[in-house]
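The chains referred to below are lettered A, B, ... by the order of the sequence lines, with proteins before strands, and numbering in each begins at 1. Here the structure is a predicted model, which means the values were calculated and not measured.
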Protein chains: 2
Amino acid sequence: MADLKGTDPTKPELAILKLLWRSKEMNAREIHREIEDDFGWSYSTVRTVLERMADKGQISKTPVDGVNIYEPQIGKVAMLSRMIADFSKRVLELDTTPATAFFAESKLLSDTELEELETVLRKAENE
Amino acid sequence: MADLKGTDPTKPELAILKLLWRSKEMNAREIHREIEDDFGWSYSTVRTVLERMADKGQISKTPVDGVNIYEPQIGKVAMLSRMIADFSKRVLELDTTPATAFFAESKLLSDTELEELETVLRKAENE
DNA sequence: AGCCTAATGTGACAGTTGTAGCAATGCCTA
DNA sequence: TAGGCATTGCTACAACTGTCACATTAGGCT
């Protein structure tokens, strides 16, 4: 589970994680329905990607009544803070991660999550 | 040259582009020296990556006195604005790209470039 | 002019991602 | 209970990336 750290998710992976962060758990059919327009992927493709994500530990796969349901194995704030820190440093070359005021408009994060994010980012900075 | 748009550079690619944005042109040996510590790459590896970047049109390769020199084929502001726009929308789900005030601390951009960036980002937004 | 060093072009191979199809199995319905 | 549809596990393949090594060649120094 250590390799979760380090590598950013691919675009489809992030899209899928976002779905799971919202719904907590979904089956392949549901996930396919949601992202099929965005990626133009067949059901098979979605399943393959889900399989690989499970292998990597990004999500979990549990059979329930013969149908696999998937749940995220990494939290939204954890993932976002990693990505933000990486982008800030590697791409923008900032010493300090931008204040979360920055992300306040994000449709992705609640106020509570914003606070969490702030905490995580500040903590990461002092290490 | 249309495919420059669309795909983000990989980490090493961005690192190399950054070098070239600063120096305008370098040969493989110089580039290797600069990034060898960061990536732990052999000279061969660096050359392969440069070759592929040239194929993709990210950089140009020109033999000068029997030595290839490389120059960036995409501008810093163009690349950064693309990456920022993508990150803001795709990752953070922001409607509006953050004001450039946020990048003011970036070691990567001069004041002039910051202004350019602002212009490009605003323009992209109204399309 | 010849040799050595450094640079070049090319080839290779493994791992990851994009992109699916297929055969087998299990469950619901007629 | 048999057929059909949905799901699953498995397989496959091409493109891109990471990672080099090797043989050839060109330029500079003796």
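- Regarding contacts with the backbone of D:dT17, a side-chain N or O of B:Lys56 is found under 4.0 angstrom from either OP1 or OP2.
- At least one side-chain nitrogen or oxygen of A:Arg29 sits closer than 4.0 Å to the OP1 or OP2 atom of D:dT7.
- In 5' to 3' order, the nucleotides of DNA chain C bounding all contacts with chain A (an atom under 4.0 Å from a heavy atom) are C:dT17 to C:dG21.
- When rounded to the nearest whole Å, the span between CD1 of B:Ile35 and C1' of D:dG18 equals 12 Å.
- The NE2 atom of A:His32 sits 16 Å away from the C1' atom of D:dT8 (whole-angstrom rounding).
- Between the NZ atom of B:Lys11 and the P atom of D:dT17 there is a distance of 14 Å, rounded to whole Å.
- In summary, A:Glu113 and A:Lys76 engage in a salt bridge, as defined by a charged side-chain N under 4.0 Å from a carboxylate O.
- Nucleic acid contact for B:Pro12: sugar-phosphate only, since backbone atoms but no base atoms lie under 4.0 Å from a heavy atom of the residue.
- In terms of position on DNA chain C, the residue among B:Ala28 and B:Thr48 whose nearest nucleotide sits closer to the 5' end is B:Ala28.
- Going from atom CG of A:Asn27 over to atom C1' of D:dG9 covers 17 Å, rounded to whole Å.
- Counting only distance, with no hydrogens or angles, the side chain of B:Glu30 and the backbone of B:Asn27 share a donor-acceptor pair below 3.5 Å.
- Between A:Arg82 and A:Asp8 the shortest side-chain heavy-atom distance falls below 4.5 Å.
- When the P atom of D:dT7 is taken as reference, atom CG of A:Leu50 falls 13 Å away, rounded to whole Å.
- One distance of note links CG of B:Leu109 with CH2 of B:Trp21; it measures 9.0 Å at 0.5 Å rounding.
- D:dG18 atom P lies 14 Å from atom CG of B:Asp38, rounded to whole Å.
- Using a 4.0 Å heavy-atom cutoff across all strands shown, A:Asn68 reaches sugar-phosphate atoms only and no base atom.
- Distance CZ (B:Arg47) to C1' (D:dG18): 15 Å, rounded to an integer number of Å.
- Under a cut-off of 6.0 angstrom, the local environment of CD in B:Glu105 is sparse, with at most 12 non-hydrogen atoms contributed by other residues, nucleotides or ligands.
- Judged by closest nucleotide on DNA chain D, B:Arg52 is the one of B:Arg52 and B:Asp65 placed further toward the 5' end.
- Distance, B:Glu13 CD to D:dT19 P: 13 Å, rounded to whole Å.
- A:His32 places a side-chain N or O within donor-acceptor distance of the main-chain N or O of A:Trp41, the cut-off being under 3.5 Å.
- At the heavy-atom level, B:Ser42 lies under 4.0 Å from the strands shown only through sugar-phosphate atoms.
- Proximity of A:Tyr43 to the phosphate of D:dT8: a side-chain N or O atom is located under 4.0 Å from OP1 or OP2.
- With 3.5 Å as the limit, one finds a donor-acceptor pair spanning the side chains of A:Ser42 and A:Thr45.
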